[in-house]
Amino acid sequence: MAQYTRVSGSVGLITLQSPRVNALSAAVRQGIVDMMQRALSEPEVKSVVICGQNGIFCGGADIKEFGKNMSGPPLIPMIHAIEAASKPVVAAIEGIALGGGLELALGCHYRIAHAKARVGLPEVTLGLLPAAGGSQRLPRLIGVPAALDLITTGRHVTAAEALKLGIVDQVTDHNTVNVAVKFAKRVAGQSLDPRRISTYPCPCPSDADALFEKAMQKVRRAARGAIAPVACVQAVRAAATLPYNQGMEREKELMATLFTSGQARALQYFFFAQRAVGKWSMPSGARWETSKPRPVHKAAVIGLGTMGRGITVALAQAGLSVVAVETQEKQLMEAKQAISGMLERGAKRSGVAPALDKVSYSHNIQPVADVDLVIEAVFEDMALKKKVFQQLSAVCKPGTFLCSNTSGLDIDHLACQTRNPELVVGMHFFAPAHVMKLLEVVYGPKSSPHAVATAMQLGKKIGKVSVAVGNCRGFVGNRMLKPYLEQALFLLEEGATPEFVDQVLEEFGFAMGVFRVSDLSGLDVGWRVRMADGLAQPDPTTGQPVRVRQGRRYSPLGDLLCEQGRFGQKTGRGWYQYDKPGSQVAKPDPWLHSFLDEYRTRHGLVARRIDHQEVLERCLYSLINEGFRILEDGIAAGPEDIDVIYVFGYSWPRHRGGPMFYAATVGLNKVLERLEHYHQAHPDVPSLQPCRLLRKLVAGGSPPIHKWREVIKKVHSQL
Ligand SMILES: CCCCCC/C=C/CC(=O)SCCNC(=O)CCNC(=O)[C@H](O)C(C)(C)COP(=O)(O)OP(=O)(O)OC[C@H]1O[C@@H](n2cnc3c(N)ncnc32)[C@H](O)[C@@H]1OP(=O)(O)O
């Protein structure tokens, strides 16, 4: 809807009204068309201001309408009519003007923004391009390089930057609508010809071909197979090389391909998935709306290794006071230096003062007595963590939340060490903790809804996307990773090379294949866990590693590499070789190939040709199958939780929506059929056995992903 009022005698004020972000739904578009007609037909009205209700100009097209039958007036003619109007139209931008919202503002003759407003064309993040003239008007207004940057990244810019770039004409600290109304009165009657952006020539640099070639290479490198960024470059190129009307035709053509693409569907699903995870629920019935978080002003971090340092930085940068505790004096000194460096570099990047004074350091636990929340980040060792939780429980003031950054240990065992187990939750950060967006908030059987709500709110405050998950070995992310890693090792045993497996996964869209990731994070990390689990020891009778452990197929390849001191990048050798320890350039290693040959011979394995399809299916479908088990077990509330974890924590390509959305795209019956096929070929690999929920979904006709929760509920009620 849009409301019309006459203000200050001669200004028609059109207010967009569509909670929460005044998206351009059919009703809003109809309202704009009708109210513009009214303003233009009233002789007393000399100029028009468009604004949005509740301090938000417009969040763009209504994404919920995509994929449905679009009704109401189309956006492009609506914007053209505004630009062609005979009376000046001023956009009063408060809050945000994004996507179609900014395109609407670009169709206006003037733009006035509040100092706190942000503008941008984020369509690329939804698998689209700015197709309501944005790709043709913005380069004409601010030039090709700046428009390419904004359109291909989708980044939001502040009002100050928008003014500098020339996107807005004025920025104000005062009431934006009042300022816009005054402005509209002043410009009434002035010629509008110089204000219609579509008539501007596109300022095009002399080396346009080279510029577009470079831009194309850059987006292709970053896009990991996403098609929208490429189409965005093509659309801007059309603006630079074609007259406006032909450019608009090209924009429409490119959009037609994107609009119906699977990638756009995946990215739009992912947009709503990110919002869905904030609406968490626990099997107990506790939910986000009814669970009140407690305020956290002061926090503590225990253990200042890599993770503890990153967590300290993330908390301090968000304005919290942090007590950083490290009992080893040398490590404490090093951590102080590292944390200060990270804070200084971060502050320089964002143009603010470094939050050095937010962090106080201690080599004992006493100063945590008055904090509101503690995050334990000591070495991943249950005995050590238990001891820390006992100490914290004794030292902290009543009501302090005690959180562990464990990546997979049992939260309940830690909660049992404390006087108030209801205050204990997991806060599983991902390295580097001040950079990675994901936070798994892990609730145990005793965790209170307040503790979960507080950890979720703290996550939001420090800029993380937080997902509430149940307590099990590896939680969601690492639990699903296990069968994926296992399949990758089995593929090596059967004839593949690390570089081939990685190539297939990188072509799929992962930033790095499984073996390159393993080299980066260090092979010894998993080795230590397997040793603690009694898996990595050689067979006591022969002294030879065996390929069966605990009754199922096991690959000791990773353990054997670790026994040789090959821990990955840090030792200069792992699944690949590196020029020197610490180097990041991975090269195939002939030693590793001979080692694999010898290994296969020793174990009577005959190498066979393994194709792309098998690598993808075995690695991804085993991971997806575990995802279904996680849903079946109630560890994640819905597929969106898993997908958000995988995109933000494990570099799953966003344009494929996450593993569960991908399974839905491939077809659940196909996933089931291929899992059955591989399980038949490898009956000693339980993770390939299709789980009950997957079978149930297929038997129920493979309902769309937004209906899975209903099936999951039924599965739970039958248990
Ligand atoms: C051939 C066809 C031609 C068609 C041409 C038209 C194409 C136009 C392209 C576009 O305009 S695409 C849309 C571009 N806009 C965006 O990408 C903005 C998306 N929104 C956001 O980034 C954020 O929501 C926000 C606007 C920055 C606000 O963030 P905040 O954290 O304050 O709130 P949220 O929780 O994210 O959102 C609140 C609420 O609003 C819903 N929502 C937000 N934006 C839209 C939207 N564009 N359409 C529909 N709904 C939207 C969001 O889902 C939340 O809903 P909930 O139910 O409260 O969870």
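When a ligand or atom number is given, it counts from 1 through the structure's own listing order. Numbering of residues begins at 1 and proceeds along the displayed sequence. As a basis for the values below, the full set of heavy atoms in this structure was taken, side chains included, without hydrogen atoms, waters or symmetry mates.
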* Asked: Aromatic rings Tyr110 and Phe183: how do their planes relate, parallel, tilted or perpendicular, breaks at 30° and 60°?
  -> perpendicular

* Would you call Glu253 and Arg250 a salt bridge, using N to O less than 4.0 angstrom? -> yes

* **Closest approach of any protein heavy atom to atom 6 (C) of ligand 1, naming residue and atom** => Leu75 CD2, 3.6 Å

* Asked: If you measure from atom 52 (C) of ligand 1 to every heavy atom of Arg275, Glu123, Met70, Gln268, which option wins on shortest distance?
  -> Arg275

* Ligand-residue contact atoms, ligand 1 with Phe272, heavy atoms, under 4.0 Å -> 53 (O)

* To do: Provide, to 0.1 Å, the distance between atom 18 (C) of ligand 1 and the closest protein heavy atom, together with that atom's residue and name.
  => Gly59 O, 3.4 Å

* Could you say whether the N/O atoms of Ile63 and ligand 1 ever approach to under 3.5 Å? => yes

* Any salt bridge between Glu640 and Lys279, counting N to O under 4.0 Å? -> no

* Asked: How many angstroms lie between atom CD1 of Ile14 and atom CD1 of Ile32, to the nearest 0.5 angstrom?
  -> 7.5 Å

* Sub-4.0 Å protein heavy atom next to atom 31 (O) of ligand 1 -> no

* Can you list the ligand 1 atoms lying under 4.0 Å from a non-hydrogen atom of Ile96? -> 26 (C)

* Please confirm whether the backbone N or O of Gln53 pairs with a side-chain atom of Asn22, one donor and one acceptor, at under 3.5 Å? => yes

* Asked: Counting only heavy atoms on the protein side, is anything nearer than 4.0 Å to atom 45 (C) of ligand 1?
  -> yes

* **Side chain Thr176, main chain Glu94, donor-acceptor under 3.5 Å** => no

* Among protein heavy atoms, which lies nearest atom 41 (C) of ligand 1, and at what distance? -> Lys64 NZ, 4.6 Å

* Among the heavy atoms of Leu126, does any lie under 4.0 Å from an atom of ligand 1? -> yes

* Structure fact -> Arg140 and Leu242 have their tightest heavy-atom pair at NH2-O, 3.4 Å

* Structure fact -> If we number the atoms of ligand 1 from 1 as shown, the ones under 4.0 Å from a heavy atom of Gly99 are 11 (O), 14 (C)

* Structure fact -> Closest non-hydrogen atoms of Pro639 and Met660, given as atom of the first, atom of the second and distance, are CB-CB, 3.8 Å

* To do: Compare every heavy atom of Ala92 with every heavy atom of Val49, then report the nearest pair and how far apart it is.
  => CG1-CB, 3.9 Å

* Asked: Within the structure, does His156 bring an N/O atom to less than 3.5 angstrom of an N/O atom in ligand 1?
  -> no

* Subset of ligand 1 atoms that lie under 4.0 Å from at least one heavy atom of Gly100 -> 10 (C), 11 (O)

* **Pick from Met255, Lys252, Arg29: the one approaching atom 3 (C) of ligand 1 most closely through a non-hydrogen atom** => Met255

* So, does Pro122 sit close enough to ligand 1 that a heavy atom of it is under 4.0 Å from the ligand? -> yes

* Structure fact -> Numbered in order shown, the ligand 1 atoms found under 4.0 Å of a heavy atom of Asp62 are 48 (N), 49 (C)

* Parallel, tilted or perpendicular, as decided by the 30° and 60° cut-offs, for the rings of Tyr650 and Tyr646 -> parallel

* Structure fact -> Rounded to the nearest 0.5 angstrom, the CE-CD distance for Met1 and Gln17 is 5.0 Å

* Between Phe259 and Phe66, what is the ring plane arrangement, given parallel below 30°, perpendicular above 60°, and tilted in between? -> perpendicular

* Grab the two heavy atoms, one from Trp280 and one from Pro449, that are nearest each other, plus how far apart they are. => CH2-O, 3.8 Å

* **Contacting atoms of ligand 1, where contact means under 4.0 angstrom from a heavy atom of Gly60** => 11 (O)

* Sub-4.0 Å protein heavy atom next to atom 24 (O) of ligand 1 -> yes

* So which protein heavy atom does atom 47 (N) of ligand 1 come closest to, and at what separation? -> Ala61 O, 2.9 Å

* If you measure from each heavy atom of Gln274 to ligand 1, is any distance below 4.0 Å? -> no

* **Ring centers of Phe648, Phe270 separated by less than 6.0 Å** => yes

* Taking atom 27 (C) of ligand 1 as the reference point, the nearest protein heavy atom with its distance -> Leu98 CD1, 3.9 Å

* Nearest-0.5 Å distance that lies between atom CG in Asp641 and atom CD1 in Ile630 -> 10.5 Å

* To do: Starting from atom 39 (C) of ligand 1, find the nearest protein heavy-atom neighbour and note its residue, name and distance.
  => Arg20 NH1, 4.0 Å

* Interfacing atoms of ligand 1 (cut-off 4.0 Å, heavy-atom, Lys279) -> 56 (P), 57 (O), 58 (O), 59 (O)

* For atom 20 (N) of ligand 1, state which one of Phe66, Phe271, Phe259 supplies the nearest heavy atom. => Phe271

* Which residue holds the protein heavy atom closest to atom 43 (C) of ligand 1, what is that atom called, and what is the gap in Å? -> Val21 CG2, 3.6 Å

